[in-house]
Undergrad: 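Take a look at this one; I'll ask things after.
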There are 2 protein chains.
Amino acid sequence: MARPREFDREAALQRAIDMFRLKGYEGTSMKDLLDTMEIGRQSLYDTFGDKHALFLECLKHYAKKGRESSLGPLLDADGGLKAIEHYFKKTATMMCKVPHRSCLVINTAIELSESDSEEGQIVNQFILQLHGAFSEALRVAKNKGEASFADLDATAWNFTNSAMGFGPMSRAGIPAAALQSAADQLIASIKTH
Amino acid sequence: MARPREFDREAALQRAIDMFRLKGYEGTSMKDLLDTMEIGRQSLYDTFGDKHALFLECLKHYAKKGRESSLGPLLDADGGLKAIEHYFKKTATMMCKVPHRSCLVINTAIELSESDSEEGQIVNQFILQLHGAFSEALRVAKNKGEASFADLDATAWNFTNSAMGFGPMSRAGIPAAALQSAADQLIASIKTH
DNA sequence: CATATACTTGACCATTTGGTCAATAATGAA
DNA sequence: TTCATTATTGACCAAATGGTCAAGTATATG
């Protein structure tokens with residue numbers, strides 16, 4: 001019925017995500033987006049709305065993918081400690097890949113001006129979901145006899161907090177080995193011997 | 001010999017620090033700075049140089065104060081676990097105060113574009129120094145029999161990483177109680193019973 | 001083929017950005 | 001008091017910002 005678009009919407013969105021991860025919302029100009037997404041100005045506005053709408057879609061898309069690929073395994077019925085180990089290994093590797101883009105959710109948490117904005121709620125919810133996923137994996141680990149700890153909720157917050165720490169650490173150029181050793185020690189500290 | 005300045009340089013710098021903590025480097029406009037510092041445009045440029053120079057001075061000043069007030073106690077000869085507990089309590093309280101300004105070092109770590117820039121080096125060094133301070137406090141704690149762990153370096157990285165996590169967590173509006181419980185669990189996990 | 005529909009292109013725009021300049025005002029030393 | 005020195009003020013500026021408009025172009029369906 002009409003002319004089909006010449007670019008791949010999904011691919012363009014992914015490139016925008018990478019750009020926002022690298023430079024942040026304010027730090028990314030429309031020119032940056034146009035160049036990296038390789039689409040025309042009007043195509044961008046027609047397809048994604050304005051800069052803020054595009055950013056919101058990027059954030060939502062990124063969070064959704066993160067939930068599926070990272071939180072999913074933690075919620076697996078027989079995940080336990082193995083799943084947690086895998087989570088940190090994967091996350092450390094992802095974040096320390098150069099250029100250090102860190103994680104869009106963490107970066108946005110730092111950059112957001114009002115925590116009750118829409119992006120603030122997305123970030124907040126994601127963190128709560130991560131906490132929930134850790135809670136579940138830790139509960140399983142305890143049940144399996146792999147781990148021991150007094151306070152499940154506090155332990156889950158400790159793990160969540162550690163995951164958040166990877167953002168600033170990787171961005172600051174702290175080597176992946178250090179992040180990995182931090183996670184190793186974190187896990188070792190609850191492992192039953 | 002000449003007209004003295006009408007404003008307090010130190011106070012103006014402190015206000016600039018608060019502004020940068022709240023909105024970040026890119027997110028803070030010269031107008032924001034002028035308003036909050038309550039000085040004239042030319043006074044700012046004459047006294048602090050351009051925006052980037054001002055930011056750098058803020059970051060250095062903030063890092064120096066942080067070293068003195070936060071890292072100092074950790075390096076205390078008889079600090080040990082008590083000093084670590086105090087560090088996290090103080091940090092959590094400071095970061096969760098509304099409006100959530102987080103920590104300028106952590107915020108800058110996330111915002112910086114190239115990690116080999118001058119601000120990147122300041123941030124990187126600060127983190128390494130924090131790691132060093134944790135190492136020392138943990139060593140003391142172990143010597144005193146307060147704590148037990150296998151790998152000092154890895155444990156120090158775990159603690160450093162947790163401190164970094166407070167930035168995104170607090171900014172995202174996660175309650176102070178959750179941060180505190182994370183720290184409590186972190187410490188409990190190495191405490192000798 | 002015709003045409004409605006929607007993508008693409010590039011010119012254009014108001015606003016805000018960080019930053020400068022020149023004129024004025026105030027002060028301490030000679 | 002004079003005057004060199006420095007602070008303050010407000011006008012000004014070029015560049016970049018995010019965003020819009022209108023004209024042209026391509027395509028699937030009737």
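Below, chain A is the first sequence line, B the second, and so on; all start at residue 1. Being a predicted model, the structure only gives us computed values, none of them experimental.
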Undergrad: How close or far is atom P of D:dG19 from atom CD1 of A:Ile39, stated in whole angstroms?
TA: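 The answer, rounded to whole Å, is 14 Å.
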
Undergrad: Does the C:dC7 base have a donor-acceptor partner in the side chain of A:Gln42 within less than 3.5 Å?
TA: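 Absent.
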
Undergrad: Where the side chain of B:Tyr45 is concerned, which of C:dA22, C:dG18, C:dT8 is the nearest nucleotide?
TA: C:dG18

Undergrad: Considering only heavy atoms, which members of residues 47-55 of chain B lie under 4.0 Å from some atom of DNA chain C?
TA: B:Asp50, B:Lys51

Undergrad: Hey, can you pull the residues of residues 17-34 of chain A with a non-hydrogen atom under 4.0 angstrom from DNA chain D?
TA: A:Thr28, A:Ser29, A:Met30

Undergrad: So do the side chains of A:Glu10 and A:His61 get within less than 4.5 Å of each other, counting heavy atoms only?
TA: yes

Undergrad: Step by step, would you call B:Ser29 with B:Asp32 a side chain to side chain donor-acceptor pair (under 3.5 Å)?
TA: CA-CA 5 Å; B:Ser29 69; B:Asp32 288 332; 3.2 Å; yes

Undergrad: In whole angstrom, what separates B:Leu44's CG from D:dT9's P?
TA: 13 Å

Undergrad: Other residues, nucleotides and ligands only: do more than 12 of their heavy atoms fall within 6.0 Å of NZ on B:Lys144?
TA: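 More than 12 heavy atoms, drawn from other residues, nucleotides or ligands, come within 6.0 Å of this atom.
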
Undergrad: Does B:Lys51 qualify as a cation-pi partner of B:Phe20, given the criterion of NZ or CZ under 6.0 Å from the six-membered ring centre and within 45 degrees of its axis?
TA: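 Verdict for B:Phe20: no cation-pi partner in B:Lys51.
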
Undergrad: Measuring to OP1 and OP2 of D:dA7, would you say a side-chain N or O of B:Ser43 lies under 4.0 angstrom away?
TA: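 Result: no.
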
Undergrad: How many whole angstroms separate atom CG of B:Asp46 from atom C1' of C:dA22?
TA: 13 Å

Undergrad: Can you list the steps and then say if A:Leu130 with A:Phe159 is a side-chain contact (heavy atoms from CB on, under 4.5 Å)?
TA: CA-CA 9 Å; A:Leu130 180 59; A:Phe159 277 63; over 6 Å; no

Undergrad: Do the side chains of A:Trp157 and B:Ile174 get nearer than 4.5 Å, heavy atoms only?
TA: yes

Undergrad: C:dT8, C:dA22, C:dG18: which one has an atom nearest the side-chain heavy atoms of B:Arg41?
TA: C:dG18

Undergrad: Counting only heavy atoms not in B:Lys142, do more than 12 sit closer than 6.0 Å to its NZ atom?
TA: yes

Undergrad: Side-chain polar contacts of residues 118-127 of chain B - donor-acceptor pairs under 3.5 angstrom, sequence neighbours left out - could you list them?
TA:
| residue | atom | partner | partner atom | Å |
| --- | --- | --- | --- | --- |
| B:Glu118 | OE2 | B:Lys60 | NZ | 3.1 |
| B:Glu119 | OE1 | B:His52 | NE2 | 3.3 |
| B:Glu119 | OE2 | B:His52 | NE2 | 3.1 |
| B:Asn124 | ND2 | A:Ala172 | O | 2.7 |

